[in-house]
Every structure is written in C-alpha cells, then in structure tokens.
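Scroll down for the structure; my scribbles are underneath it.
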Protein chains: 4
Amino acid sequence: MSERDEGQLVGTFPSIPKQIRAQQKRLALLESGRSLFIKKGYEQTTAKDIASYAGVATGTFYRYFSDKRQLLLALLEDKMEKLMPPVPNWMHRNPEQLLASLLENYNNSLEAIGIHRVLPELLPKDPELSEVMLEARKSLHARIYKGLQSAKDEGLTWKDLDLDIVAWTIILMVENSPEKAEQSGSPLEYDEMAKVICRLVFPPQIMEKLCVSKAESKR
Amino acid sequence: MSERDEGQLVGTFPSIPKQIRAQQKRLALLESGRSLFIKKGYEQTTAKDIASYAGVATGTFYRYFSDKRQLLLALLEDKMEKLMPPVPNWMHRNPEQLLASLLENYNNSLEAIGIHRVLPELLPKDPELSEVMLEARKSLHARIYKGLQSAKDEGLTWKDLDLDIVAWTIILMVENSPEKAEQSGSPLEYDEMAKVICRLVFPPQIMEKLCVSKAESKR
Amino acid sequence: MSERDEGQLVGTFPSIPKQIRAQQKRLALLESGRSLFIKKGYEQTTAKDIASYAGVATGTFYRYFSDKRQLLLALLEDKMEKLMPPVPNWMHRNPEQLLASLLENYNNSLEAIGIHRVLPELLPKDPELSEVMLEARKSLHARIYKGLQSAKDEGLTWKDLDLDIVAWTIILMVENSPEKAEQSGSPLEYDEMAKVICRLVFPPQIMEKLCVSKAESKR
Amino acid sequence: MSERDEGQLVGTFPSIPKQIRAQQKRLALLESGRSLFIKKGYEQTTAKDIASYAGVATGTFYRYFSDKRQLLLALLEDKMEKLMPPVPNWMHRNPEQLLASLLENYNNSLEAIGIHRVLPELLPKDPELSEVMLEARKSLHARIYKGLQSAKDEGLTWKDLDLDIVAWTIILMVENSPEKAEQSGSPLEYDEMAKVICRLVFPPQIMEKLCVSKAESKR
DNA sequence: TATGAATGAGGATTCATTCAT
DNA sequence: TATGAATGAATCCTCATTCAT
C-alpha cells in the first residue's frame with residue numbers, strides 16, 4: 001500500500017483531493033449499476049457484481065449507497081431531470097420537424113440512461129419508486145398537455161381533440177420507440193412518428209398552413 | 001366456488017374424479033401464480049408463496065410444475081391464443097364502434113390474464129421467453145397491419161398511411177390501456193381511443209361516409 | 001379394475017390366495033430394493049423408487065416395511081444365513097480344491113445378494129446394523145477359526161500359525177474377491193486364491209501329503 | 001494451537017496475515033469435514049454441519065469449497081500422496097521387520113486420514129471418484145508387485161508365487177487392518193501380519209537365511 | 001477509507017411418510 | 001388392501017449486509 005506513493009516527491013499532487021476521488025468512486029458505482037441493471041436486470045444483479053464491475057470491494061459499495069435500491073433511486077434522480085423536454089410550441093415552426101427533433105432528443109437521453117428497462121421489474125413491489133415514476137410521467141404528460149392546450153386555444157387543432165388521450169399516446173410512442181427500433185432493426189423513423197402525431201393533432205389544412213408559413217418564414 | 005356445483009342436485013358424485021381434482025389443483029396453482037406475480041412481481045414470489053396461496057403444500061407445487069418459470073410459461077401458453085383478436089374489417093361497420101369493441105375485448109382478456117405485467121421483469125434474462133413474446137407481438141402486429149392494408153387498398157385511408165407505425169401505435173395503446181385506466185382512475189374511454197385511432201387511419205370525409213352508410217344500413 | 005376379472009367364470013380360481021399375493025408383493029419389494037441399493041447406493045434410492053421399480057404404489061411400500069432401513073435389515077436377515085459356509089474339514093480331501101469350491105460358493109451367494117456393497121455406507125450411522133454385521137462377521141470368523149484349529153490340533157499346519165490373523169485374511173479375500181474380479185476384468189482365480197491360503201496354513205510337505213493321500217483315495 | 005505461536009516473542013504480529021488465516025480456515029473445514037465424514041458418514045453430513053463444527057458460518061463453507069463432494073476430493077488429493085509407501089526392498093534387511101514397519105507406517109497415515117471409510121459409500125454413485133480411487137489402488141498394487149518381482153527374480157520367493165494375488169492380498173490386509181484393530185480391541189499385531197505375509201512370499205529356508213544374514217550384518 | 005471474508009436468513013427443491021379415496 | 005397425491009421438514013446454496021483488519 002505504501003509503495004504506491006513512494007515515487008511522489010515534492011511537487012507532485014499528493015493525491016487527488018479526497019472528495020473528488022470519492023465522487024469518482026460513487027460515479028463509477030452508479031455507472032456500473034446502470035450498465036449491469038440494463039444487461040442482467042435488477043434482481044439478477046448483486047451488490048457484489050456492481051462493486052467488482054466498478055473495480056471496488058463489496059464493502060465499498062455500502063459506503064456510498066445504503067442499498068441496491070438506493071443506487072437505483074440515485075440513478076433515477078441523477079437523470080430524471082434530463083428527461084424533461086421543453087413544452088413544445090406548436091406555432092414555433094414546422095410542427096413535424098419540431099416533433100421529430102423532440103422525439104429524437106428525448107429518445108437519445110432515455111437511451112443514454114436506459115434504466116427505464118428495469119423499472120417494470122420493480123414498480124410492483126416498490127410503491128415509493130412507483131410513486132416517483134408516476135410523478136415523472138404525470139409531469140411529462142402535463143407538459144405535453146399544456147403544449148396541446150395552447151395549440152387548441154389557438155384553434156389549430158381538431159376541434160374535438162381529446163388532449164388527455166393524445167398526450168398519453170405521444171408519451172407511449174416516445175417511451176417505446178427504443179424497443180421498436182430494436183425489434184424492427186431499422187433506425188428510428190422519427191419523422192414518420194412525428195407525422196403520425198401531427199395527424200392526431202392537426203387537421204390537414206392547418207398542417208399545410210403551418211408548414212407553408214414556417215417554410216416562408218425561413219426565407 | 002359454490003356456483004360451480006350448482007348443477008349438482010340429487011345423486012351428486014361423492015367425489016370429483018381424480019383427474020379433475022388434479023386439474024383443479026393445477027388450475028388453482030396457475031391462478032395463484034398469476035395473481036401473486038401480478039401483485040408482487042415474479043422474483044418476489046416464491047414457489048412456497050404460490051403453493052400456500054393456492055392452499056396446498058410446497059411439495060405439491062413441484063408435482064405440477066417443475067419450477068416457477070415453467071408455471072409462467074404455462075400461463076402464457078394457456079392464455080396466449082385468447083389474446084389474438086380477429087383481423088378487423090374496417091368496412092364492416094362504423095369503424096369507431098368496431099375499434100372500441102375490439103379494444104374493450106382485447107383489453108378485457110389481457111386484464112383477465114395480467115401476466116403482461118411480469119414480462120418486462122423477465123425478458124432481459126430469459127431469451128426463450130423473450131422469443132415467445134416477440135413472436136406473439138409480431139403476430140398481433142401482422143394482424144393489424146393486414147386489416148389496415150385492405151382498408152388502404154380500398155382507398156379508405158390516408159394516402160400516405162404508414163401501416164407499420166400505425167399498427168405499432170395501436171398495439172401500444174391497447175397494451176398500455178389498462179395501466180392508463182389505473183392511473184387516471186377513470187374507466188377506460190374506449191371510444192375516445194377508438195376515435196384517436198380512426199383519426200390516424202381515415203381522413204375525416206371517409207369517416208363521415210363510413211359512419212353514415214353504417215348508420216343507414218342499421219335502419 | 002373390475003374388467004380384469006370379467007373373464008373369470010365358474011371354476012377359475014377367484015384369485016391367488018391373499019397371503020400368497022401379499023407375500024409376492026413383499027418379495028418383489030425386497031428384490032427391487034436389493035437391486036436398486038446395489039445399482040444406486042442406499043441413500044440415493046428412495047422409497048418411491050423401490051415401490052415403482054417393484055410395480056406397486058408408494059404407499060404399498062409402507063404396508064410391508066416400516067421403512068427403507070427395515071427393508072434392508074429384512075434383506076440381510078433373509079440372506080445372511082445362506083452366507084454361512086460349512087466349517088471346512090481340512091482332512092476331508094485336497095484342501096486346495098476344497099477351498100476353491102468353498103470360495104466359489106461363498107462368492108456366488110454373496111454376489112447373488114450383493115447388499116454387502118451398501119453396508120459401508122450405512123454402518124457408521126446405524127449402530128444396530130453395525131452390530132448385526134459385526135456378529136455375522138464374527139460368526140464367520142469363528143467358523144473358519146474352528147476349522148483351522150482342528151487342522152492345527154492334528155499337527156497339519158505351521159506350528160506357529162496365528163489362527164486369528166489367518167482366519168481374518170481369509171475372510172478379507174473372500175469378501176473382496178468380487179471387487180477384484182471386477183477390476184481385473186478376468187474371471188476369479190479361485191484356485192490361485194486357494195493356493196495362497198493353503199500356503200498360509202500348511203507347510204509344503206504337509207500339503208504334498210494331503211494332496212497325495214487325497215489323490216490316492218480317489219482311486 | 002498454542003505451540004504454533006511459540007516462536008513469537010516480543011513484537012508478535014498483531015494478526016496472522018490474511019492468506020494464512022484463510023488457509024487455516026480452509027484447513028479447519030477440511031479437518032471438520034474429515035472428522036464428520038468418518039463419524040457420521042458422507043451423506044449424513046451436511047455442509048452446514050461441517051461449517052459449524054469448524055466454527056464458521058454456512059456461507060463460509062462455500063467460499064472455500066464449491067460443495068461437499070469437492071471438499072472430499074480435496075481431502076483425497078491432500079492426502080493421497082502420503083499414502084504411497086516406498087517399494088519395499090526385500091533384501092534390505094529382515095523382511096518381517098521391514099514389513100511390520102511398512103504396515104505400521106501406512107496404517108498410521110491411513111488412520112490419520114480416515115476417509116477411506118466414506119469411500120465405499122460414494123464409489124457406486126461417483127464414477128469420477130471411483131476412477132481416482134481405482135488409480136490409487138492400482139498404483140499401490142504396482143508398487144508392491146514390483147517389489148515382489150525383484151525378490152522373485154533373485155530367487156528368494158516361492159517358485160510359483162502369484163505376484164498379482166499376493167500383492168492384492170497384502171493391500172487388503174493393509175487397508176483393512178484399522179478395522180480389524182477396532183473390532184478385536186487389541187492393538188494391531190503388525191508383526192503377526194508381517195509374518196503371515198512373509199510366509200506368503202518366502203519359503204521357510206529363505207526366510208531363515210534372510211533373517212540370519214540381516215542379524216549378522218547388524219553386528 | 002477500503003477491503004473482502006464472514007455471516008446467516010431465506011429461497012429452491014427433494015423425499016420419507018401419511019391418508020383420503 | 002392398494003393407490004398415489006399431498007405434506008412439510010430438511011437440505012443445498014445464494015447473496016445482502018456487516019465488520020475486523
């Protein structure tokens with residue numbers, strides 16, 4: 001143990017500041033947990049697995065997290081906020097393009113995190129976690145709902161638009177698109193999805209206008 | 001339980017024949033497994049749990065199933081076929097009504113089974129199961145696709161209808177509707193969902209025609 | 001069940017007398033136990049195995065035997081007596097021939113029984129059984145000892161013959177000869193073994209005399 | 001236990017280094033297994049038993065051994081080599097003395113190990129183990145055979161000596177002597193056994209010569 | 001603070017034995 | 001008397017968590 005530092009004389013940093021090293025270890029564990037959860041599922045991943053994949057000892061795991069579950073919650077918290085897309089402004093520009101990029105962005109972040117895959121395994125038995133996720137989803141729903149609401153107020157949408165169901169449909173498509181991509185093998189057709197969503201929201205003639213005007217404004 | 005015996009009046013059999021009793025026990029275990037899987041998740045449910053919830057001893061479980069996983073597979077096989085809805089014939093009658101009833105039926109069966117909730121927990125670690133489910137989903141997709149295809153061929157749909165994505169969206173809505181109902185607390189709005197789907201598929205003027213003609217034909 | 005007897009009219013034996021059938025069942029179980037014990041070892045053999053190999057139901061086993069162990073004891077008792085060879089009379093005839101045939105006989109009975117193979121597994125944990133076996137062995141030892149004793153009294157043996165050790169050596173050879181045969185692959189060389197034993201007991205000149213006189217008496 | 005530390009005076013290490021402690025634990029488990037196997041038989045001994053008799057928790061057992069069987073194999077490997085006696089050189093000195101001491105040595109090691117008692121229980125169901133033991137026995141046989149062969153080549157033995165059977169008889173005597181001692185209650189008469197064996201191998205006049213010359217050479 | 005050996009509760013599974021039919 | 005399904009205690013083994021170093 002001591003030899004490791006022998007070469008360090010004057011002028012070298014005696015060590016990376018403790019807090020930072022600890023932080024790195026914590027991150028390593030988080031990342032290790034994330035990737036093992038995704039690879040093997042939550043239950044199949046043991047604390048020991050996570051520790052050794054992160055290159056630390058079992059006991060060290062418990063210095064940073066009280067528990068496997070807590071690591072998962074930390075992962076969620078860490079990443080959740082990044083998953084909140086902005087309220088779309090449907091008048092802003094060509095809505096299909098807008099949606100396509102929103103979809104792509106959201107999907108990328110989601111994929112970057114990936115923990116959504118283990119959630120179904122846990123929700124039934126962990127009401128707190130369930131609550132957390134439900135909140136997140138509600139908040140996402142609210143965001144989309146709000147965007148749709150203003151579009152509807154502007155008279156842009158189908159008159160009888162059921163905001164709730166459409167918002168929910170959009171969320172479904174977004175959340176499940178990674179899986180779809182996997183199964184179909186083809187890269188995601190974000191614009192196809194966007195087209196579908198637009199059709200749900202805007203009558204054809206409005207779509208045309210929106211596109212035209214946006215196209216014009218681009219000039 | 002008691003209704004089951006209603007038909008038995010005078011001269012009832014002193015005992016239910018062995019095979020039937022065994023079959024009942026098997027079914028009790030299946031049902032017990034199903035309900036515990038849904039309630040507590042697959043991993044959290046032990047063979048002992050399933051047995052005692054079914055009112056039998058641990059060892060009895062192993063007379064009927066080689067293990068927990070096999071019980072799950074039996075559940076799937078037992079029920080899978082019931083989940084295949086007929087290819088919808090869009091010209092048959094008012095498509096919204098058609099869809100609403102299809103949705104309701106499918107949803108009822110799905111709910112009656114309920115195992116779809118434990119699948120996400122298992123798929124990552126059980127490739128065989130994964131395969132089974134993927135096949136089921138593909139077959140469902142194909143069925144819907146086919147229905148849409150004929151509608152498109154008839155010129156009933158949007159000209160640029162992306163059959164694949166729309167079929168997939170419909171599946172998503174169907175599969176997730178139970179969850180939605182739970183979260184919103186309100187009973188499922190099948191007709192709202194049907195309306196949304198119809199909007200994805202049929203241009204408004206066609207919808208009108210379809211509805212009118214069907215309404216007329218009803219007279 | 002009932003059809004089985006339908007063909008029986010007047011004059012046929014209504015059934016084999018009950019006691020005899022029961023006895024047959026008992027024997028079937030004994031034989032089944034014996035052969036499974038030999039094949040798979042005592043611990044590895046379950047009561048159920050024994051019953052089904054004997055073609056009866058599990059419960060039936062317990063009508064005839066209180067227990068796996070008791071079946072084994074029954075096997076031992078049943079067969080033990082058959083294992084007691086007569087006290088050899090060394091003056092009777094050519095001792096090598098005498099021994100060779102004794103060895104062969106004993107070995108054949110032992111092999112026919114075969115349970116000696118499971119005993120080592122049980123002796124440590126079953127003092128009663130241990131006792132039984134020890135007695136049997138002592139009795140065998142006594143028998144051989146007695147034969148040697150009279151030979152020694154007649155002045156036929158080495159003067160300093162250690163009866164105990166020689167008797168014991170003989171038992172060892174007898175008991176282990178089946179295994180030896182198995183391993184060497186060759187059929188047992190009973191006469192070689194007999195020759196060795198004779199050398200242990202008789203000085204060469206006596207051997208010669210014995211053989212000569214026996215050979216003469218044969219004329 | 002305490003003698004082991006005798007050399008440590010002032011400044012003893014506050015703790016035995018990890019590897020050594022682990023090794024000790026492993027040895028404790030081995031010893032515990034050995035003694036329980038002997039006392040209760042292999043099947044009757046559970047991993048839990050072994051662990052608690054060794055003063056550790058159940059789980060610890062599984063850190064050091066993958067299961068009971070592996071512990072047994074380790075015992076065998078650990079000790080097997082110690083059981084290989086040197087090829088006896090019959091001309092070296094008084095053969096009776098030579099044999100007696102060989103017997104005593106071998107017997108002591110065998111006794112110190114003691115696992116030979118559980119083997120019969122396992123051999124039928126564990127072909128690999130069976131193989132290992134068969135090899136060991138063959139090697140022992142070969143060793144004795146070789147010694148006898150050279151003696152025969154020197155013309156020291158009976159002309160018609162059947163090397164195979166005699167070697168086998170010697171092995172039997174050696175392997176079973178502990179049991180004999182137990183049953184007779186008396187300490188082992190190694191010299192009596194040695195005398196018996198010598199009688200199997202050497203004609204009386206040769207024995208005399210050998211003894212005389214050795215006695216002389218001692219002067 | 002880091003380590004990883006040790007712990008032991010708890011899940012999966014088997015099987016001797018009972019008992020309703 | 002025969003059956004074989006049912007029982008549940010007892011085994012094997014894993015893994016979350018602790019703790020001495």
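Throughout, protein chains are lettered first and strands after them, A, B, ... in sequence-line order, and every chain is numbered starting at 1. Quick caveat: nothing in here was measured; it's all calculated off a predicted structure.
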Problem - Difference in axis direction between the ends of the helix from E:dA2-F:dT21 to E:dT21-F:dA2, five pairs, 10° - result: 10°
Problem - 5'-most by nearest nucleotide on DNA chain E - D:G55 or A:V56 - result: A:V56
Completion exercise
A:R69 meets the salt bridge (charged side-chain N to carboxylate O under 4.0 Å, His left out) criterion, sequence neighbours left out, with A:D126, A:E128
Handout entry: D:D49 CG to F:dC13 P, straight-line distance once rounded to whole Å
Key = 13 Å
Exercise for the section: Mind checking side chain to side chain contact (heavy atoms under 4.5 Å, CB included) for C:E31 and listing every partner two or more places apart, or none if nothing turns up? Expected result: C:R34, C:S35
Practice task
Any chance you could measure C:L75, atom CG, to C:L30, atom CG, to the nearest 0.5 Å?
Solution key: 5.0 Å
Practice task
Answer whether the closest heavy-atom distance between the side chains of A:K39 and A:Q44 falls below 4.5 Å.
Solution key: no
Practice task
Please determine if a side-chain N or O atom of C:Y64 lies less than 4.0 Å away from the OP1 or OP2 oxygen of F:dA2.
Solution key: yes
Handout entry: Under-4.0 Å side-chain N/O to phosphate OP1/OP2 contact, B:K25 with F:dA5
Key = no
Practice task
Report the distance from atom CD of A:Q24 to atom P of E:dT1, rounded to the nearest whole Å.
Solution key: 16 Å
Fill in the blank from the handout: To the nearest angstrom, the CD-P distance between C:Q23 and F:dA2 comes to 12 Å
Handout entry: Length of the line joining D:L71:CG and F:dC13:P, which is rounded to integer Å
Key = 12 Å
Exercise for the section: Mind calculating the distance between OH (B:Y42) and C1' (E:dA12) to the nearest angstrom? Expected result: 11 Å
Handout entry: Main-chain N/O of C:S66 paired with C:Q70 side-chain donor or acceptor, under 3.5 Å
Key = yes
Fill in the blank from the handout: To the nearest angstrom, the CZ-P distance between D:R26 and E:dA6 comes to 13 Å
Problem - Partners meeting ring pair (Phe, Tyr, Trp, His ring centres under 6.0 Å) with A:F65 (sequence neighbours left out) - result: A:F61
Exercise for the section: Round to the nearest Å and state the distance from D:I50 atom CD1 to E:dT7 atom P. Expected result: 15 Å
Contacts under 3.5 angstrom, residues 50-59 of chain B side chains, donor-acceptor by atom type, not counting sequence neighbours:
residue : atom : partner : partner atom : Å
B:S52   : OG   : B:K48   : O            : 3.0
B:S52   : OG   : B:D49   : O            : 3.4

Practice task
Measure the shortest side-chain to side-chain distance between C:L29 and C:R26 over non-hydrogen atoms and say whether it is less than 4.5 angstrom.
Solution key: no
Problem - Euclidean distance, C:L27 CG relative to C:I20 CD1, rounded to 0.5 Å - result: 11.5 Å
Could you list all N or O pairs between the protein and nucleotides 15-19 of chain F that sit under 3.5 Å apart?
residue : atom : partner : partner atom : Å
F:dA16  : OP2  : A:A47   : N            : 3.0
F:dT17  : OP2  : A:Y62   : OH           : 3.4

